[in-house]
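First comes the structure, then the notes that go with it.
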Amino acid sequence: MQRIGVFVCHCGTNIAATVDVKKVVEMAKMEPGVVHAEDYQYMCSEAGQSKIINAIKEKHLTGVVVCSCSPRMHEATFRKAAEKAGLNPYMVEIANIREHCSWIHKDMEEATKKAVILARAAIAKVNLDAPLQPGESQVTKRALVIGGGIAGIQSALDIADAGYEVDIVEKLPSIGGRMSQLDKTFPTLDCSACILTPKMVEAAAHEKINIYTYSEVEKVSGFVGDFTVDIRKKARSVDMSKCTGCGVCSQKCPSKKIPNEFNRGLNNRSAIYIPFAQAIPNVPVIDRENCIKFKTGKCGACAKNCAAGAIDYEQQDEIVTKKYGAIVVATGFDVIKLDQYDEYAYSQSKDVITSLELERLMNAAGPTKGHLERLSDGKAPKNIVFVQCVGSRCSDNRGKSYCSKICCMYTAKHAMLIRDKYPDTNVTVFYIDVRTPGKNFDEFYRRAVEEYGVNYIKGQVGKVIPQPDGTLMVQASDLLDNKQILMEADMVVLAAAIEPNKDVRKIATMLTASIDTNNFLTEAHAKLRPVESPTAGIFLSGVCQGPKDIPETVAQAGAAAVKAIGLLAKDKLTTNPCTAKADPLACNGCSQCMNVCPYGAISYEDVQVNDHGVRETRRVAVVNNALCQGCGACTVTCPSGAMDLQGFSNRQIIAEVDAICR
Amino acid sequence: MSIEAKEEFRPKIVAFCCNWCSYAGADLAGSSRLVYPADVKIIRVPCSCRVNPMFILRAFEKGADGVILCGCHPGDCHYTTGNYYARRRMTLLFSMLDFIGVENGRTRVEWVSAAEGVKFSQTMNEFVEKIHSLGKNVRLEDIRCRN
Amino acid sequence: MQELISRAKELLADNTVARVLGWRAGDLPYNPEAAYFETPESLDEFVYDGFCGANLSKMMIEASKLEGKTLVCLKPCDTYSFNQLIKEHRVDREKAYIIGVGCKGKLDVEKLRKMGIKGIQKITGAKLTDDCENLEIETIYGSKTVSYKDAMLERCHVCKGKEHMIYDEIIGESKDTKDADRFAEVERIEAMSPKERFEFFQKELSKCIRCNACRNACPACSCRRCVFDSTKFDSAQKANVDDFEEKMFHIIRAFHVAGRCTDCGECSRVCPQGIPLHLFNRKFIKDIDQFYGEYQAGADAESKGPLTSFTFEDVEPGIVAERG
Amino acid sequence: MSAYTYGNTANAAERIKEISGVNPLKCMKCGKCSATCPAFNEMDIKPHQFVSYVQNGDIEALAQSKSLWKCLSCFACVERCPRDVKPGKLIDAARQIVIREKGQNYLKADEIPELLDDETPQQLLVSAFRRYRR
């Protein structure tokens, strides 16, 4: 019989507000094997952990049940505490009375009843727990970074500088990401390209960094320390080793009317193109969907004009399979589509643009060579209206519930730059709140108002009405004057909400990493492990985890890199000891378990057995603990029940079932 | 019959959740405060393929009114193939239970990813409602287990 | 039969085999029993007739552990079970000398009893060398003639065919006796309401006395240690005290052999209570055929069974409810 | 004592919330409702203020306001509110409790001519009649 201690956590009021913890303690004491039960404000705290440690020592506990938050949160914490007290860590079970109970039930009596049952199930399981010893697994000393924006580049550089190999996989033909599309950066107003390009070059030149552009992650298998990843290198149709990046092909390409993604579709590009001047690699790619050669078989202008003979129409997608110890996700963001916001006339008027489009319009390398002009008639705008929170902070189904965080600052930047360059232009910003929490951020915003004369009006724009003369009528409210405003503008800039890259769901699924309802990757702990995914070996860098600006992104990228380095620095990881184990006396040697094992962890050996006096040689299953990941597929296939899973044994699960149905 | 027989029916529902997707989905439902009835009790298993038909029959024997198995979506299994085996096993088992006359609404498999807190909660709400409509499970229960 | 005996004697004499696994006459004309014969003389007691329904392939698990080869007599349907046992490494092909014996359908004494035939003293017309059209039965109340077909085991009406799947040599002629639809009964039950189905199985299964004859006869149910005898699932066999017990036992038994059961029908043949246990297996086979493509366990000794394989497009368990 | 009495004002605010199905606490005070309100200039209490009046429980002021009868029920504010607060519905609800307070709980058909004046939008009367007639 075990000597079990039960520890019930209040989690402040998170649990205690809906679950009568004292009652849980009282009921737990009545369960078989329980020799100690107590509650505490925060079991995961140092004080809470020492309560567990002391009880193990004083009461000679052989098993521990902690009724607290999800085992995905603190199982490791409590196992470590038990280990400190000399108890095998696998003698600890968690009853999840927070996520699965107190947080979803409102009625105290009902929640308490359920918490008691969950505690009973955990106690029943601990009663059948056996000490387990973890094994070891190898760490592949290479990291994969998914996404080649500033977040991915920074993470890759930091990991590579620590001496580990890093591969960057970027979906687009060049690394650089969103930051490469920006003109200037707040709050210092330095040019985005000037600070990003050196980083791109450094990454490309780094001997430890290998960049796969125009490539996508196709398949991920394995686990922390030992991921196997298939990377699809999409056919570029250009031989990277031959191309000199001269750009003649793009000039000669007759298919020139394709919206230029880099310029947000504000101008056109050719079918063979280099996305932007500072692209890395500086090698074009053929957009096969729009290439005349691929569509009709005729043309071939690029091949004819390529002096290096680099054009290769026959090139095929290539799958590269590589092993990695750690994976950093840096998939970034996009701005939301505005087709549901009719009132702002985004799709009716060319002069209603998003802020990211404005970045391109103001950029010297952009479609207007940096001259601010109306896209409808090329005239310089005299009255510009900025609209904040377009699709952010919305509880309707058109927008996003969160604050996009960067818009207040970039709008102040835009307003300031316009007033600086075109002092006779009137700039009005309609805002709900101006949010400037950041170093030198509020000073920056104040400068826009006080020094540059940007007109900030507290109130929201209700409607933008294109006028026959080409101007735009902006209808808004001024909440401080309690007035309705009708204002003529010739350009309206919308601060559209940002959202995670649409591919992130697919990638998260491959990585078995959690994502939230807004498609942001979930961190292992919102406060304490903000750059790790709950899935071991997966780290989060940049906006894929939540809205953030460049300095925050770079900081997080570095933090994710450090976490990855910490993992790669280990030679071995301890493996999950919850592996399958065959009982040689009950095993039929029928090979069914081997057939379903995804890891090839089961083999057969002829062994001498003594089955209650019958001595014979039998073919029995043997599990390789280093390969077994503990899924349990074999245990169900085994008709005799000879195969069992340590830590989740048949009897344990049945005991839990019994405790719940009791 | 005692007077208590009129007492409101509170079904006993056992939910087996795989550690990687569905248990995390249930956690997400919790942290998003997405309410579902307390009748649902979750048992954590490493993978949906760990669930032995014995466990399900055992639950019914001990008085469960419904058993639901949640795992990663096909193709997303943490162990790559576990849920495919679970899918075949459960299809056959459920068909057999239906064959011997156990209402097929009492068993269910749902694929719930770690991101689908909403789906988890919705599924549990639906399932509890279904069990309510079916009433107490009397066909598989071991009457000795009734209290 | 004589040909079979002389051939067996020959093989024993030249030490090709160390023993013969066949049948010996029982105390009544209709209950021959499985037996080992180790000397040519003992083979005089060997019988093989229409009542030799027992599937001997399972006995080869133990015979495989013995010194020398064992000559085993397998009917066409028994060879499926043998193949399946090879696949599962339970029997050693090298230790078996398989004589594929002819079969014209096996008989069920219960069928005769149901016709009101009692006090049977002698039955003629059941030998393999007979044409097996009619049976002449002498009883203490006089003699009767019965159509051979009417006395056949249920499984023979859905005969898998007269071909042996594996053998070293074939002795005797076989006949395909199929004259019914294998899944007709399963379909009949499927068409009932849930309540009727429940009552049907409740009635049938409540007859179970947990004698374990089905388990002992079944060639697929050959675990060294049955889960129902083990402490691993807290399901160790107990006296029957409740109707849940036998449901659990029979569902799990059928599940454990699902995809491995060759539909040999031994479970129903040996059940002393006459429970149509084969219906559970047939239901699984029918579902497997429908959901995952037709599969005959034991048709070969290599293929992966339907429960140890999958496709990405498999049906969802919800199909059970959708199908209604 | 004014013509309209609502007893406990907190109760009246609750009733408005109940009738409209609106939670004024969701308002983030952006003012988008007032931005495009066609009757804005006619109103003494503006649509966005309406929300905070309900929030603060000052129903007496709302009941006395001109705005109550100036709102065209065009629902532009309902359509565009990013927070699903629907000021138009709040105004509508306030109107309802004022109307219901008149003697009986329901609008009588013979009262309509009396209510018809230049100030009251006709749409309001039509919709009120449709909803409250016996």
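A, B, ... follow the sequence lines: proteins, then strands. Residue 1 opens every chain.
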**Request:** Check whether A:A633 gets within reach of chain C through its side chain, its backbone, both or neither, counting any heavy atom under 4.5 Å.
**Result:**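 Contact with chain C is absent: no heavy atom of A:A633 under 4.5 Å.
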**Request:** Check each atom of A:I653 against the heavy atoms of chain C and say whether the ones under 4.5 Å are side chain, backbone, both or neither.
**Result:**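 Answer is neither: A:I653 stays 4.5 Å or more from chain C.
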**Asked** With the threshold set at 4.0 Å, does a side-chain nitrogen-carboxylate oxygen contact exist between C:D263 and C:R282?
**Response**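 Between C:R282 and C:D263 there is a salt bridge, with a charged N closer than 4.0 Å to a carboxylate O.
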**Request:** Could you tell me which of C:K65, C:R90, C:H89, C:K87 has the largest number of non-hydrogen atom pairs under 4.5 Å with chain A?
**Result:**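 Maximum pair count with chain A is reached by C:H89.
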**Message:** I need the residue from C:E88, C:R260, C:R224 with the largest number of non-hydrogen atom pairs under 4.5 Å to chain A.
**Reply:**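 The answer is C:R224.
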**Message:** Check the orientation of C:Y167 and C:H164. Use parallel for under 30°, tilted for 30 to 60°, and perpendicular for over 60°.
**Reply:**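 Rings of C:Y167 and C:H164: perpendicular, as their planes differ by over 60°.
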**Item:** Cation-pi check, C:R19 onto C:F37 ring (under 6.0 Å, within 45° of axis)
**Value:**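 No, a cation-pi geometry is absent between C:R19 and C:F37.
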**Prompt:** Relative to chain C, which of A:N650, A:D644, A:N588 shows the most heavy atom pairs under 4.5 Å?
**Reply:**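 Winner by heavy-atom pair count: A:N588.
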**Asked** So which of A:C593, A:S649, A:G589, A:C638 has the largest heavy-atom pair count under 4.5 angstrom toward chain C?
**Response**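 Greatest number of close heavy-atom pairs with chain C: A:G589.
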**Request:** Heavy atoms only: give me the nearest A:N88-A:Y90 pair and the separation to one decimal.
**Result:**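 That closest heavy-atom pairing would be OD1-N, 2.8 Å.
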**Side chain / backbone / both / neither for C:S309 at chain A, heavy atoms under 4.5 Å** =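 No part of C:S309 comes within 4.5 Å of chain A.
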**Request:** Indicate whether the side chain of C:T262 and that of C:Q84 have a donor and an acceptor atom separated by less than 3.5 Å.
**Result:**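 No, C:Q84 and C:T262 have no side-chain donor paired with an acceptor closer than 3.5 Å.
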**Message:** Here's a test for you: under ring-ring contact (aromatic ring centres under 6.0 Å, His included), which of C:F280, C:F228, C:F255 qualifies with C:F249?
**Reply:**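 So, applying the ring-ring contact (aromatic ring centres under 6.0 Å, His included) to C:F249 and each of C:F280, C:F228, C:F255, only C:F228 qualifies.
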